[in-house]
Amino acid sequence: MHQSVLVTGASSGIGEATAVHLAHKGFRVFAAARRIEKLNELSALGGGRITPVPMDVTDETSIADALKRIADNGATLYGLVNNAGGSVMGPIEKIPLDEWRKQYETNVFGLVAVTQAVLPQMREAGRGRIINIGSITGRIAMPFHGAYASSKHAVEGISDSLRRELVPYGIKVSLVRPGAINTPFGRHELELLGHYEDDAPYGDQVRRFKSWFARQHPTAPSPAVVADAVHAALTAERPHARYTAPEGLVLTLMLRSVLPTALVDRILERVNGLDKFRRKGAR
Ligand SMILES: NC(=O)c1ccc[n+]([C@@H]2O[C@H](COP(=O)([O-])OP(=O)(O)OC[C@H]3O[C@@H](n4cnc5c(N)ncnc54)[C@H](OP(=O)(O)O)[C@@H]3O)[C@@H](O)[C@H]2O)c1
């Protein structure tokens, strides 16, 4: 019997790569997203082990329908990969509150809603794995990433509480934290930043930041590094609480933890070019 896994946000990028990787490793994969036509293309790559499932993680009825479809296929979920996500970018002062709410609806409440819907069958089975896709941005919040970074900080906290709550039920929870990964995500973030580049008073800063940011995603690792980490979290006898993809970023996270925050601020400014906006004499 192949173990069954639900991957949300499987119509693109990390979710797509993860769905195909897990299918090749022998899992039965239920690939969920809103764009069903993209999922249908994906199922051809899975050696018959990928089943497309329409799902909008912000819509509880859609989640319930998707889980019914999975049950009708005779599957009990062993794994859930909470990957569906989006980004809202811009200066915190300027991002409309509706955009903030949309950010949280997908990245935070969507993740919680799918988890709540899947947990009863895992508890009943007395086993299961939940893998949440966070971000390095859930530990290091760059400027103009406030909405996105805070949603991924929330995913860190949810993952820690959930892992501790589910110990008695044999369900293991891991957080996978990708750094910049070469998917359509980065292009979308650049477009969003573009909305603020002519906007006073942040326009000059946004333009400067954007020119640095534009260089990050095209040269970033492929989503395969994240798919590998998800596979490890699903199959290790004792999965880690956290995986970082690529692994080399662990060092960056360690430095962020041990260095004084003021020094981290200065290093980040140097890296992204915003140091030129620091007021003379400002500490
Ligand atoms: N790429 C990176 O550099 C990076 C870095 C760190 C973390 N991450 C995280 O990795 C995850 C995947 O990102 P990616 O780079 O693969 O982005 P992507 O290529 O833009 O894919 C995002 C996926 O999320 C799905 N999605 C968005 N809203 C949804 C909703 N309401 N319901 C269901 N599915 C929804 C999209 O599918 P539909 O539009 O078809 O619904 C799509 O399949 C996200 O959680 C992101 O925050 C990415």
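Order of appearance sets the numbers: ligands from 1, and atoms from 1 within every ligand. Computed over heavy atoms, backbone and side chain alike; hydrogens, waters and symmetry mates excluded. These figures come from a predicted structure and were not determined experimentally.
- Of the protein's non-hydrogen atoms, Phe185 CD1, 3.2 Å is the one closest to atom 17 (O) of ligand 1.
- Atom OG1 of Thr244 sits about 4.5 Å away from atom CZ of Arg177, to the nearest 0.5 Å.
- Rounding to the nearest 0.5 angstrom, the gap separating the CG atom in Leu190 from the CE atom in Met89 is 7.5 Å.
- Remark: among candidates Thr137, Asp59, Asn83, the nearest residue to atom 45 (O) of ligand 1 is Asn83, based on non-hydrogen atoms.
- Those atoms of ligand 1 that come under 4.0 Å of a heavy atom in Gly9, given as number and element, are 23 (C), 24 (O), 25 (C), 42 (C), 43 (O).
- Classification of the His217-Phe213 ring pair by plane angle, with boundaries at 30° and 60°, yields perpendicular.
- Every atom of ligand 1 with a heavy atom of Ala10 under 4.0 Å away is listed here by number and element: 43 (O).
- Among all non-hydrogen protein atoms, the one lying nearest atom 27 (C) of ligand 1 is Arg34 NH2, 3.4 Å.
- Checked by atom type and distance alone, the side chain of His145 never pairs as donor or acceptor with a backbone atom of Gly90 at under 3.5 Å.
- Distances between N or O atoms of Ile133 and those of ligand 1 include no value under 3.5 Å.
- Of the polar atoms of Thr58, none of the N or O atoms is found under 3.5 Å from an N or O of ligand 1, judged by distance alone.
- For atom 32 (N) of ligand 1, the closest non-hydrogen atom of the protein is Val57 N, 2.9 Å.
- Under a 4.0 Å criterion applied to the non-hydrogen atoms of Met55, ligand 1 contributes the atoms 32 (N), 33 (C).
- Looking only at protein heavy atoms, the nearest one to atom 16 (O) of ligand 1 is Ile14 N, 2.7 Å.
- Considering only non-hydrogen atoms, atom 22 (C) of ligand 1 lies nearest to Gly85 out of Ser135, Gly85, Ser87, Gly110.
- Counting heavy atoms only, Ser12 comes closest to atom 19 (O) of ligand 1 of the residues Ser12, Ala32, Pro223.
- By the 4.0 Å heavy-atom criterion, Thr8 is excluded from the residues contacting ligand 1.
- The line from CD1 of Ile130 to CG of Leu175 is 12.5 Å long, rounded to the nearest 0.5 Å.
- The structure places NZ of Lys102 at 9.5 Å from OG1 of Thr106, a figure rounded to the nearest 0.5 Å.
- Scanning Ala84, Gly134, Gly13 for the heavy atom closest to atom 7 (C) of ligand 1 points to Gly134.
- Shown in contact with Ser11 at under 4.0 Å from a heavy atom are these atoms of ligand 1, numbered in order with element: 36 (C), 37 (O), 38 (P), 40 (O), 42 (C), 43 (O).
- Within ligand 1, the atoms closer than 4.0 Å to a non-hydrogen atom of Tyr148 are 6 (C), 7 (C), 8 (N), 9 (C), 46 (C), 47 (O), numbered from 1 in the order shown.
- The side chain of Lys152, and not its backbone, has at least one atom closer than 4.0 Å to an atom of ligand 1 (non-hydrogen atoms only; side chain from C-beta on).
- Exactly one of Phe185, Tyr104, Trp100 qualifies for a ring-ring contact (aromatic ring centres under 6.0 Å, His included) with Tyr148. That residue is Phe185.
- Using a 4.0 Å cut-off between heavy atoms, Thr183 contacts ligand 1 through its side chain alone, with no backbone atom that close.
- In summary, the atoms of ligand 1 found under 4.0 Å from a heavy atom of His217, numbered by their order in the structure, are 2 (C), 3 (O).
- The heavy atom nearest to atom 4 (C) of ligand 1, out of those in Ala31, Ala220, Gly179, Ala180, is found in Gly179.
- No N or O atom of Gly86 sits closer than 3.5 Å to an N or O atom of ligand 1.
- In this structure, Leu274 CG and Arg270 CZ are separated by 13.0 Å, a value rounded to the nearest 0.5 Å.
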